[in-house]
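For reference, the structure discussed in these notes is given below.
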Amino acid sequence: MRHTLVTWTDRGGTALASRARPPEDQGPVLRLLAQPESQDRYDSAWVLSTPSAVAATKELLRQLKAHIAQVELRVLPIDDPSDYEQLFHALGPLCRELKRSHRAPTRALDVLLSAGTPQAQTLWVIWVQAGLLPARMLQVIPPQFVPVPHPRAVREVRLDIEGFPEVRALRSEVQRLRAVVRGPDAASTLLGESQVMQDLRARIERIGRSAVQVPVLILGESGTGKELVARAVHAACRERSGPFLAENCGAFSDGVLGSELFGHEVGAFTGASARHRGVFEQAHGGTLFLDEVAELPLKVQATLLRVLQEGVIRRVGGDGEVRVDVRIVAATHRDLKAMVARGAFREDLYFRLCGATLQVPALRERISDLPILVDAFLHELQTKTGGRTLSLHADVLRVLGRYRWPGNVRELRAEVQRWAVFCDGTVGLRDLSPELKASDLRSAAAAHSAAQPPRSASTPQPATEWLDALPTSLADLEEWAIRRAMARHEQNLSATARTLGIDRGTLKRKLAGYGLRPTPEPAEKKKKQRPRR
């Protein structure tokens with residue numbers, strides 16, 4: 001691997017401390033190269049200088065060429081090396097050039113912090129810690145602080161990113177904003193021309209035109225695209241110029257969730273070594289999407305209610321209040337009214353959240369949109385991967401239209417992705433997932449039974465006719481047998497298990513695996529206990 005050293009000149013006043021340097025001090029750059037670990041390490045060096053220091057830098061360049069084969073002088077248009085603005089505009093393009101020309105694993109960068117003004121050192125640290133410049137930072141200890149002999153005259157500066165919470169938060173926010181600026185693709189657009197989708201888009205437009213900023217509550221089954229609806233609300237409202245942040249309320253424990261939402265101060269709890277800005281602060285001026293809001297603990301619900309009412313937050317472990325301007329968009333697949341009735345969700349928070357309610361339809365409620373969604377997902381995959389174009393056999397769309405889609409649009413998207421992996425040219429019935437094949441078999445069997453005339457008990461049934469309705473795979477046949485046995489014994493687990501020749505626990509596990517939920521059995525009568533003698 002080839003190594004490049006980047007340093008300011010330590011001659012001619014570019015480094016403020018160099019003016020008071022003793023004559024016998026050769027300077028941080030030459031002291032670095034004199035260390036055993038630096039011998040023959042660098043094959044190139046970039047020496048940065050101001051126009052006023054070029055003349056004094058020539059002697060340093062001559063000395064460096066005795067250690068490094070290629071030395072390049074870069075004169076930056078700066079007249080005051082302590083001016084942050086001048087340094088920022090001069091070093092920014094330089095950092096981008098270094099990043100392009102020194103890519104791992106063939107090139108490596110070392111930045112010497114000891115040469116240059118404190119202001120330049122600060123900018124180096126920010127660029128490296130923010131990930132904008134992939135480099136190693138070095139510090140040469142001044143001679144007056146280095147006893148002789150000293151094993152560590154040169155230190156590598158390693159600063160944990162947790163020590164820079166503001167930089168970390170800003171970097172995360174920049175990534176999210178860049179994702180928003182890139183714009184939605186086919187997967188993040190509210191596709192569909194069914195009446196329910198037209199009504200949904202119309203309600204979103206009404207929310208966007210309204211001068212009143214109200215919270216939005218999105219209801220719908222899992223996989224229907226509630227986050228896409230939240231993004232559409234954000235894009236339609238005046239907050240679209242601000243950030244969009246999404247937080248899953250069910251992904252954190254009670255103690256961590258409060259910190260993620262509202263932030264915390266130093267020492268608020270064990271491990272809180274730095275101040276943390278919560279997502280409410282990060283979303284200031286924009287939209288905060290709270291997914292799975294029904295999973296919020298009651299204590300956090302009370303805090304959230306206060307934020308919605310007063311527009312201020314208090315960090316965990318803090319005394320001061322921070323005012324935030326955020327539109328709240330919440331979503332859940334649970335029945336919030338039922339949760340309010342049994343005390344699992346605060347009633348006052350429920351009424352606060354449902355300022356505007358949007359119901360996202362399940363895919364089975366808008367089957368007419370299915371061809372549009374399939375085409376969009378196929379086009380997206382072909383565009384992103386550059387793969388082959390797939391077409392669908394007519395029977396495939398028929399099977400897709402009959403399926404109930406318990407996983408909704410998310411399940412449909414996963415099905416299309418399977419085709420892109422396993423199919424060539426045309427997608428046929430044999431390429432469908434086992435769930436779709438089993439559903440098609442059950443639909444065919446039901447249609448076949450409905451088309452047959454009723455038989456009397458005395459009319460014998462052909463010995464092979466019942467085989468036409470049987471599933472073709474072993475797993476589907478097992479599920480079919482369990483369903484029939486459960487129906488025959490009126491959902492009685494014990495009787496069904498005896499008929500199938502398995503124990504009751506095994507039957508319960510198989511039912512859970514197939515997503516079947518038996519009706520609760522009536523409680524057995526307690527046996528009379530014998531009186532003790």
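Note that these values count all heavy atoms, side chains included, but never hydrogens, waters or copies made by symmetry. These figures come from a predicted structure and were not determined experimentally.
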Can you confirm whether the side chains of Y403 and E435 place a donor and an acceptor under 3.5 Å from each other? no
Which residues share a side chain to side chain contact (heavy atoms under 4.5 Å, CB included) with A495, sequence neighbours left out: H489, N492, R498
All side chain to side chain contact (heavy atoms under 4.5 Å, CB included) counterparts of R346, not counting sequence neighbours: L298, Q301, A302, L305, D348, L349
For residues L290 and L288, determine if any side-chain heavy atom of one lies less than 4.5 Å from a side-chain heavy atom of the other. yes
Under the criterion salt bridge (Lys or Arg N to Asp or Glu O under 4.0 Å), I'd like the reasoning laid out for E295 against R334: C-alpha separation, chi angles, the key distance, then a yes or no. CA-CA 9 Å; E295 308 302 324; R334 297 185 180 276; 2.6 Å; yes
Is any side-chain heavy atom of V374 closer than 4.5 Å to a side-chain heavy atom of W419? yes
Can you tell me which residue pairs pass the ring-ring contact (aromatic ring centres under 6.0 Å, His included) test with a partner in residues 326-372, sequence neighbours excluded? none
Would you find more than 12 non-hydrogen atoms of other residues, nucleotides or ligands less than 6.0 Å from R430 atom CZ? no
Would you confirm whether W405, through its side chain, and L400, through its main-chain N or O, come within 3.5 Å as a donor-acceptor pair? yes
With a 4.5 Å limit on heavy-atom distance, are the side chains of V216 and I207 in contact? yes
Does the distance from a Lys or Arg side-chain N to an Asp or Glu carboxylate O, for E415 and R418, drop under 4.0 Å? yes
Between T287 and R240: side-chain donor-acceptor atoms closer than 3.5 Å: no
Determine whether V322 and V312 make a side-chain contact, defined as any pair of heavy atoms from C-beta on separated by less than 4.5 Å. no
If you count heavy atoms of other groups shown closer than 6.0 angstrom to CZ of R201, is the number above 12? yes
Working to the nearest 0.5 angstrom, can you tell me the gap between Q382 CD and H379 NE2? 7.5 Å
Rounded to the nearest 0.5 Å, what separates atom CZ in R306 from atom CZ in F262? 10.0 Å
Could you walk me through whether R410 and S222 satisfy the side-chain hydrogen bond (donor to acceptor under 3.5 Å, both in side chains) test, starting with their C-alpha distance in whole Å, then the side-chain angles of each, then the deciding distance to 0.1 Å, before giving a yes or no? CA-CA 8 Å; R410 183 185 293 126; S222 179; 3.1 Å; yes
A236: partners by side chain to side chain contact (heavy atoms under 4.5 Å, CB included), with sequence neighbours left out: I204
May I ask you to decide if V214's main-chain N or O and R327's side chain share a donor-acceptor pair within less than 3.5 Å? yes
Verdict with supporting geometry, R315 and E281, salt bridge (Lys or Arg N to Asp or Glu O under 4.0 Å): CA-CA 10 Å; R315 301 189 188 101; E281 287 186 75; 2.8 Å; yes
For the student: nearest non-hydrogen atoms of Q213 and D325, plus distance: NE2-OD1, 3.7 Å
Using atom types as modelled and distance alone, determine if a side-chain donor or acceptor of K226 lies under 3.5 Å from a backbone N or O of L219. no
Atom CZ of residue position R314 - does it have more than 12 heavy atoms of other residues, nucleotides or ligands inside 6.0 Å? yes
Is any side-chain heavy atom of F289 closer than 4.5 Å to one of E227? yes
Less than 4.5 Å apart, side chain to side chain, heavy atoms only: is that true for L370 and I372? no
Geometric cation-pi criterion, R413 with F377: 6.0 Å, 45°: yes
Is any side-chain heavy atom of K510 closer than 4.5 Å to a side-chain heavy atom of I482? yes
Between atom NZ of K508 and atom CD1 of I502, what is the distance when rounded to the nearest 0.5 Å? 12.5 Å
If you draw a 6.0 Å radius around CD in E347, do more than 12 non-hydrogen atoms from other residues or ligands fall strictly inside? no
Beyond-backbone contact of V421 with Q417, side-chain heavy atoms, under 4.5 angstrom: no
Over 12 foreign heavy atoms within 6.0 Å of CZ, R136: yes
When rounded to the nearest 0.5 Å, the distance separating CG of D291 from OG1 of T332 is 8.0 Å
Contacts of K299 that satisfy side chain to side chain contact (heavy atoms under 4.5 Å, CB included) - sequence neighbours left out: none
Using distance only, find each side-chain donor-acceptor pair of residues 359-368 under 3.5 Å and give its atom names and separation, not counting sequence neighbours.
| from | atom 1 | to | atom 2 | distance (Å) |
| --- | --- | --- | --- | --- |
| R364 | NH1 | E221 | OE1 | 3.3 |
| R364 | NH2 | E221 | OE2 | 2.4 |
| E365 | OE1 | A362 | N | 3.4 |
| R366 | NH1 | L191 | O | 3.1 |
| R366 | NH1 | D369 | OD2 | 3.2 |

